[in-house]
Amino acid sequence: QVHLVESGGGAVQAGGSLRLSCGTSGLFIGRNCMAWFRQAPGKEREEVAIINTRNNNTYYSDSVKGRFTIFQDNAKETLYLQMASLKSEDTAMYYCAALGVSSDCLPWARPLTFRHWGQGTQVTVSS
């Protein structure tokens, strides 16, 4: 059974940084397509970043490109989202997702259907 558990969210001032973590179990993190999504109150869920962990190909939304970095640590079975230069509009619940137990993808060939999701971690950026 696949489990994804996010952590690292919190409150930060605009311009600050946070690193989100997604601990995984039950899947092959080094052979997968994984992603971070976010959803702010009253808004639709948004793809933030996608990574193919087989080759480290990535996709970033225009709203975070150049500020956020998605990467994984295979030994720790953990997916990360390093966030810098945070803005108030980055305030949202952040979710990690996996395409499958093992998968392959072209991160830019969206939309992708992610089958496994975590419970989310809240990020609040104050201006």
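Numbers here simply count residues along the sequence, with the first being 1.
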Mark yes or no for whether [X], through its side chain, and [Y], through its backbone, hold a donor-acceptor pair below 3.5 Å.
{"X": "T24", "Y": "E77", "value": "yes"}
{"X": "Y80", "Y": "T69", "value": "no"}
{"X": "R54", "Y": "C33", "value": "no"}
{"X": "T91", "Y": "V125", "value": "yes"}
{"X": "T53", "Y": "I29", "value": "yes"}
{"X": "R31", "Y": "S102", "value": "no"}
{"X": "E6", "Y": "C96", "value": "yes"}

What's the shortest heavy-atom distance between [X] and [Y], and which atoms?
{"X": "L99", "Y": "N32", "value": "N-OD1, 3.9 Å"}
{"X": "N57", "Y": "P107", "value": "O-CG, 3.3 Å"}
{"X": "S63", "Y": "E46", "value": "OG-OE2, 2.9 Å"}
{"X": "A92", "Y": "Q122", "value": "O-NE2, 3.4 Å"}
{"X": "G118", "Y": "Y95", "value": "O-CD2, 3.6 Å"}

Once rounded to the nearest 0.5 Å, what's the spacing between atom CZ of R38 and atom CE of M93?
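Here the interatomic distance stands at 14.0 Å.
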What verdict does the side-chain contact (heavy atoms from CB on, under 4.5 Å) test give for Y59 and L106, after you've listed the backbone C-alpha separation in whole Å, the side-chain angles of each residue and the deciding distance to 0.1 Å?
CA-CA 9 Å; Y59 160 85; L106 297 173; over 6 Å; no
Any heavy-atom pair between the side chains of [Y] and [X] that's under 4.5 Å?
{"X": "L86", "Y": "F68", "result": "yes"}
{"X": "R67", "Y": "D90", "result": "yes"}
{"X": "H3", "Y": "S25", "result": "yes"}
{"X": "V48", "Y": "M83", "result": "no"}

What pairs meet the ring pair (Phe, Tyr, Trp, His ring centres under 6.0 Å) rule with one or both residues in residues 108-127, with sequence neighbours excluded?
F37-F114, F37-W117
If two hydrophobic side chains count as joined below 4.5 Å and joins carry through other members, does V2 share a cluster with I51?
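Per the 4.5 Å side-chain linkage, V2 and I51 are co-clustered.
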side-chain contact (heavy atoms from CB on, under 4.5 Å) evaluation trace for L27 with L4:
CA-CA 9 Å; L27 58 73; L4 304 174; 3.8 Å; yes
Holding to side-chain hydrogen bond (donor to acceptor under 3.5 Å, both in side chains), I want the full list of residues that pass it with D104, two or more places apart in sequence or in another chain.
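Result, side-chain hydrogen bond (donor to acceptor under 3.5 Å, both in side chains) vs D104: N52.
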The test is side-chain contact (heavy atoms from CB on, under 4.5 Å); show your working for R110 and I50 and say whether it passes.
CA-CA 10 Å; R110 298 170 304 113; I50 303 171; 3.8 Å; yes
Apply the test side-chain contact (heavy atoms from CB on, under 4.5 Å) to residues Q72 and N56: give CA-CA distance (whole Å), side-chain angles for both, the deciding distance (0.1 Å), then the verdict.
CA-CA 9 Å; Q72 84 281 5; N56 290 326; 3.5 Å; yes
Taking distance alone, no hydrogens or angles, what donor-acceptor pairs closer than 3.5 Å link side-chain atoms of residues 9-22 to residues at least two apart or in another chain?
{"unit_1": "R19", "atom_1": "NE", "unit_2": "Q82", "atom_2": "OE1", "d": "2.7"}
{"unit_1": "R19", "atom_1": "NH2", "unit_2": "Q82", "atom_2": "OE1", "d": "3.2"}

